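In this text the structure is predicted, and so the values were computed from the model without any measurement.
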Amino acid sequence: MDKSMQHHHGALEELDPRSYIIIKNAKVNNLKSLSVAIPRNKLVVVTGLSGSGKSSLAFDTLFAEGQRMYVESLSSYARQFLGRMEKPEVEYIKGVSPAIAIQQKVNTRNPRSTVGTTTEIYDYLKLLYSRIGRTISPISGEEVKHNTVTDVVDYIHSFDEGDKVMISCPLQIAADRTVKKELEILLQKGFSRILINGEAFYVEDLLENNDFPKGDYEILIDRVTVQHDDEDNQFRISDSVQTAFYEGHGECNVVIPGKDQKSFNDRFELDGMTFEHPSVNFFSFNNPYGACKTCEGFGSVLGINEDLVIPDKSLSVYEGAIAPWRGESSKKWAEPLIKNGINFDFPIHRAYEDLDEEHKQLLWTGNKYFQGLNDFFDHLQSKTHKIQYRVMLSRFRGRTTCPDCKGTRLRKDASYVKIDNHSIIDVVLMPTEKAYEHFLNLKLTPQEEKVANRLLKEIINRLEYINKVGLVYLTLNRLTSTLSGGEYQRIKLATSLGSALVGSMYILDEPSIGLHPRDTDRLITVLESLRDMGNTVIVVEHEEKIMKAADEIIDIGPDAGTHGGELVFQGDLQSLLTKGNTYTAKYLKGEETIAFNKSTRPWKNKFTIKGARENNLKNLTVSFPLGVLTVVTGVSGSGKSTLIKKVLYPAIGKILGTVNEETGKFDKLEGEYKKITQIEFVDQNPIGKSSRSNPVTYVKAYDAIRNLYADQPTAKQRGYKPAFFSFNVDGGRCEACQGEGTQKIEMQFMADIYLTCESCKGKRFKNEILDVKFKDKDISEVLDLTIEEAMDFFKDKQAIIGKLEPLWEVGLGYIGLGQSSNTLSGGEAQRVKLASYLGKNTSKMDEHILFIFDEPTTGLHFHDIKKLLHSINALIDQGHSVIIIEHNTEVIKSADWVIDLGPEGGEKGGFVTFEGTPEELLQEKENYTGKYLSESSMNQ
């Protein structure tokens with residue numbers, strides 16, 4: 001520890017908690033009694049190797065304490081639910097403010113949650129549209145208006161003082177009543193006079209004489225004179241008008257004898273259509289009143305998905321293009337078509353993609369010679385009481401965009417309500433950049449301006465922040481569940497900025513994930529503005545640029561796992577570069593680099609995607625080489641994920657029959673894609689849904705460990721089988737927590753809390769199982785080892801080592817064997833998956849897997865990226881192909897082939913701006929990626 005650190009520590013006690021957050025002796029996870037003083041209201045970056053304890057310090061210690069203090073401040077009633085929120089293991093923490101943690105997990109699986117609802121912009125939009133929206137008729141394009149009582153009263157008062165006025169309304173004669181009957185009812189209601197063709201009669205006289213002339217009958221409601229200053233008279237008039245509207249079913253006639261007469265109508269209708277009055281629920285797709293009736297507000301409907309029915313469009317009908325008609329029993333549906341195709345000129349040998357629209361349609365509708373696909377699916381539908389038919393149907397079902405609301409989830413008539421010629425649907429489909437412009441230049445009348453002022457402020461404010469964090473290309477209608485981890489985190493960041501707090505502690509987990517270096521600059525301005533408002537901003541980060549912008553850098557290490565957890569450096573960037581001796585310092589100074597192969601591997605096979613047009617892709621044609629490392633780059637929102645996740649992955653996956661997702665729009669696949677035998681998308685989603693899943697079970701190393709324990713003398717003597725050493729099945733596990741080691745306490749209004757199980761003290765097993773030992777450790781103690789320690793512990797047991805090695809190779813030596821999967825970060829989960837593929841030793845001759853990685857460097861320190869690249873190259877050496885979506889310049893340099901999309905994000909993106917080797921990309925000075933590549937080469 002250098003001198004500058006020393007004085008920090010001696011002086012911890014003397015520091016003022018008003019200007020520092022002081023942590024004394026933190027021991028959470030792998031922290032080794034770490035003490036640190038973090039200056040308040042500064043931008044502080046916490047860095048270090050993956051697994052060195054950065055998150056333990058930032059989230060598990062600081063944030064946990066901030067949250068616990070918040071809970072303490074609640075009433076005792078609320079606290080009883082939160083009872084035992086355990087204090088982080090630390091001697092003390094002083095100077096903590098309320099903490100807001102923004103993590104990178106996309107933790108919403110809610111199919112209704114959109115960018116608009118998450119950022120609360122949609123709530124303001126609903127209010128705005130229900131207050132000042134004008135309903136425009138889709139038939140004539142005129143505004144739908146209705147007369148209110150005020151309109152009628154104003155009209156009457158536009159005449160001279162003392163003018164006589166008659167207020168009347170049409171007499172509605174019900175179908176089953178005579179005129180006589182109606183008039184009798186009128187009398188009972190208290191109306192005494194009636195107008196027939198404009199002439200007044202007493203109702204009683206008509207009834208007495210039993211004489212009812214032909215003509216238009218109106219009820220004479222009231223006769224008044226115009227008096228401008230008499231308030232009582234005004235009340236009387238408005239009361240009569242209201243009665244007229246009610247009795248006349250929405251119509252009211254006003255006659256000023258000798259001057260004018262006019263009819264009014266308070267029905268909301270035009271061009272023979274009746275419209276709804278806009279209200280907040282009218283625009284809410286989470287409410288049955290506002291949701292589209294067809295899809296019930298989901299935006300998509302379950303139907304037969306054409307892509308699944310005809311997965312490989314390059315086959316002809318004769319070759320079996322129609323998947324459901326390939327089986328033994330269902331072949332009989334295809335036979336009549338193949339036999340009789342000649343009678344109605346159907347080209348059964350022509351590839352499906354080359355058929356014209358009529359022929360494609362014919363396959364669905366059928367004709368007198370054969371029954372089409374529609375009949376086939378109706379037939380399956382009628383047999384759904386049998387399981388095999390249900391299974392068959394489910395294989396060809398998929399979600400398709402709702403035809404009624406075009407995926408906007410709102411009822412159709414919500415689009416008739418407009419402000420400045422744009423409906424709420426137009427607004428949610430605009431990229432936020434456009435929406436921001438739209439609201440800045442909104443044309444309103446002074447009256448509307450008054451009503452909408454506050455709402456517009458909130459909407460513009462929030463849109464501005466979304467643009468500031470670099471998400472200009474998202475639409476408000478975009479589902480939250482389709483965002484990447486980094487996008488989701490930046491949305492949360494924009495939301496917190498929008499509702500700006502002061503005097504808080506913001507703790508962010510790698511906000512730069514998924515950002516092109518160009519967009520990182522914007523992010524830094526946002527973080528700085530958050531700090532300047534008077535907040536402490538603590539960022540766990542590996543990105544060089546953000547370190548350079550920090551007021552203070554805290555480096556934790558020196559290594560990962562048990563070898564980490566110490567404060568190895570604290571200070572600003574300058575002193576890190578001059579005095580620092582940590583991995584971070586070495587990479588920043590360029591003393592160490594991420595070594596990469598500069599001999600580009602040659603390749604001969606490739607496959608091509610033609611005409612990709614999903615989201616913002618502009619009819620792209622791109623080729624992907626096989627057997628090498630391809631990196632797809634581009635600024636945020638340029639269409640990388642769309643191309644790979646929405647088009648490439650489902651398109652190939654459907655042909656292999658392993659992916660059941662909707663494919664994005666594209667024309668066709670060409671080239672050697674038939675060589676691929678398997679496609680694996682290695683994303684950052686957690687590896688196991690269950691809290692019992694952990695890295696050892698995932699790479700199948702646990703089976704070998706259980707067998708080893710069942711072989712021990714004590715176990716044999718007591719007859720314990722390998723299953724007794726599993727915490728997943730009854731037998732040896734602790735039954736109180738069912739082998740979880742923790743019990744979940746459900747919180748009504750906060751995140752669930754996990755507490756250590758009281759009966760097994762978190763060991764997961766019954767006591768007698770723990771008597772079985774191998775080299776003096778019981779099974780529970782083995783689960784507490786890190787991968788690295790375990791490799792040493794089991795060093796002579798090849799079966800176990802073989803399975804653990806890949807985990808160590810991808811740089812996960814520091815994670816615990818029994819560490820629950822849900823405590824792994826996104827990047828760690830991704831690397832565990834990578835390890836499981838490495839461990840399978842997939843170099844069989846006939847196997848060729850296409851691996852797709854989505855930003856695998858997430859959460860990786862420079863030092864770990866080195867290991868990662870080593871592992872990825874190992875896959876290629878085994879004869880597979882790898883495609884990586886990535887912004888990290890080091891990874892781009894190590895590629896054999898680079899595909900760059902752009903030039904901008906959103907609308908202005910979606911073009912291929914470059915295809916070739918990294919060396920060629922360096923020469924492209926106009927290209928954003930090329931520019932940053934050459935900058936970073938300069939640094940080295």
Side-chain angles (χ1 to χ4, degrees), residues 50 593-607 623-633 644 648-649 652 656 671-683 695 698-701 787 791 798-799 801-813 827-828 830-858 860 862-886 888-899 916-919:
S50 319
T593 54
I594 296 172
F596 43 87
N597 59 326
K598 266 327 327 129
S599 54
T600 314
R601 284 173 285 233
W603 45 275
K604 46 184 188 305
N605 295 326
K606 61 171 186 181
F607 66 90
S623 299
F624 294 90
L626 292 174
V628 291
L629 173 58
T630 307
V631 175
V632 181
T633 64
I644 305 298
L648 184 143
Y649 174 59
I652 294 185
L656 295 170
E672 309 286 332
Y673 61 88
K674 293 264 182 6
K675 283 200 162 45
I676 301 169
T677 54
Q678 196 182 335
I679 184 165
E680 292 294 347
F681 190 80
V682 190
D683 57 11
Y698 195 82
V699 296
K700 305 275 184 285
I787 304 283
M791 288 188 54
Q798 204 35 54
I801 294 284
K803 293 272 194 276
L804 292 178
E805 206 147 29
L807 283 171
W808 190 71
E809 278 175 14
V810 292
L812 291 176
E828 286 170 338
Q830 195 175 24
R831 297 205 295 290
V832 171
K833 290 179 194 170
L834 171 61
S836 79
Y837 295 119
L838 282 172
K840 284 179 187 151
N841 193 6
T842 43
S843 51
K844 296 195 200 95
M845 285 312 292
D846 53 346
E847 241 194 338
H848 184 134
I849 307 178
L850 173 61
F851 288 97
I852 301 175
F853 289 92
D854 188 9
E855 308 198 17
T857 57
T858 302
L860 288 188
F862 310 110
H863 193 60
D864 301 288
I865 295 179
K866 208 167 178 170
K867 291 183 182 163
L868 177 81
L869 281 172
H870 173 75
S871 304
I872 288 182
N873 279 320
L875 287 176
I876 294 177
D877 296 341
Q878 291 178 8
H880 304 301
S881 304
V882 181
I883 296 177
I884 304 185
I885 303 176
E886 187 54 90
N888 185 298
T889 44
E890 305 299 330
V891 176
I892 300 174
K893 287 180 204 165
S894 319
D896 298 300
W897 192 251
V898 181
I899 295 170
T917 63
E919 287 72 23

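- No side-chain donor from either of Ser50 and Glu828 sits under 3.5 Å from a side-chain acceptor of the other.
- By the side chain to side chain donor-acceptor pair (under 3.5 Å) test, Thr677 pairs with no residue at all, sequence neighbours left out.
- How far CG of Leu850 is from CZ of Phe607: 5.5 Å, rounded to the nearest 0.5 Å.
- Remark: Lys675 pairs with Glu672 by the salt bridge (charged side-chain N to carboxylate O under 4.0 Å, His left out) rule, at least two apart or across chains.
- Ring geometry, Tyr649 versus Phe681: the interplanar angle falls from 30° to 60°, so the pair is classed tilted.
- Here Gln798 contributes atom CD and Glu805 contributes atom CD; the two are 7.0 Å apart, rounded to the nearest 0.5 Å.
- Side-chain atoms of Glu886 do not come within 3.5 Å of backbone N or O of Ile892 as any donor-acceptor pair.
- Taking every heavy atom of both residues into account, Ser871 and Leu834 meet most closely at CB-CD2, 3.9 Å.
- Panel note: side chain Lys833, backbone Asp683; a donor-acceptor pair is recorded below 3.5 Å.
- Within the model, atoms CZ of Phe862 and OG1 of Thr857 stand 11.0 Å from one another, a figure rounded to the nearest 0.5 Å.
- Pro918 and Lys893 get closest at one heavy-atom pair: CG-O, 3.8 Å.
- What you find for Arg601 and Leu629 is that their closest heavy atoms are NH2-CB, 4.0 Å.
- For the atom pair Ile865 CD1 and Thr889 OG1, the distance stands at 8.5 Å (nearest 0.5 Å).
- Side chains of Val682 and Pro856 form no contact here, defined as non-hydrogen atoms less than 4.5 Å apart.
- The CH2 atom of Trp808 lies 12.0 Å from the CD1 atom of Ile787; values are rounded to the nearest 0.5 Å.
- Annotation: Trp603, atom CH2; neighbour count of heavy atoms from other residues, nucleotides and ligands within 6.0 Å is above 12.
- The only member of Ile885, Leu868, Val882, Ile644 that meets side-chain contact (heavy atoms from CB on, under 4.5 Å) when paired with Phe853 is Val882.
- In terms of heavy atoms, Lys606 sits closest to Pro625 at CB-CA, 3.9 Å.
- Inter-residue side-chain proximity for Leu860 and Asn888 is flagged as unmet; no heavy-atom pair is nearer than 4.5 Å.
- Annotation: side chain of Ile872 is not in contact with side chain of Phe851 (no heavy-atom distance under 4.5 Å).
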Subject >> side chain to side chain contact (heavy atoms under 4.5 Å, CB included) evaluation trace for Tyr837 with Ile849 >> reply: CA-CA 10 Å; Tyr837 295 119; Ile849 307 178; 5.5 Å; no
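- To the nearest 0.5 Å, the span separating CD on Glu847 from NE2 on His880 amounts to 6.0 Å.
- Across every non-hydrogen atom of Ile899 and Ser623, the tightest pair is CD1-O, 3.6 Å.
- Val891 and Val631 get closest at one heavy-atom pair: O-CG2, 4.0 Å.
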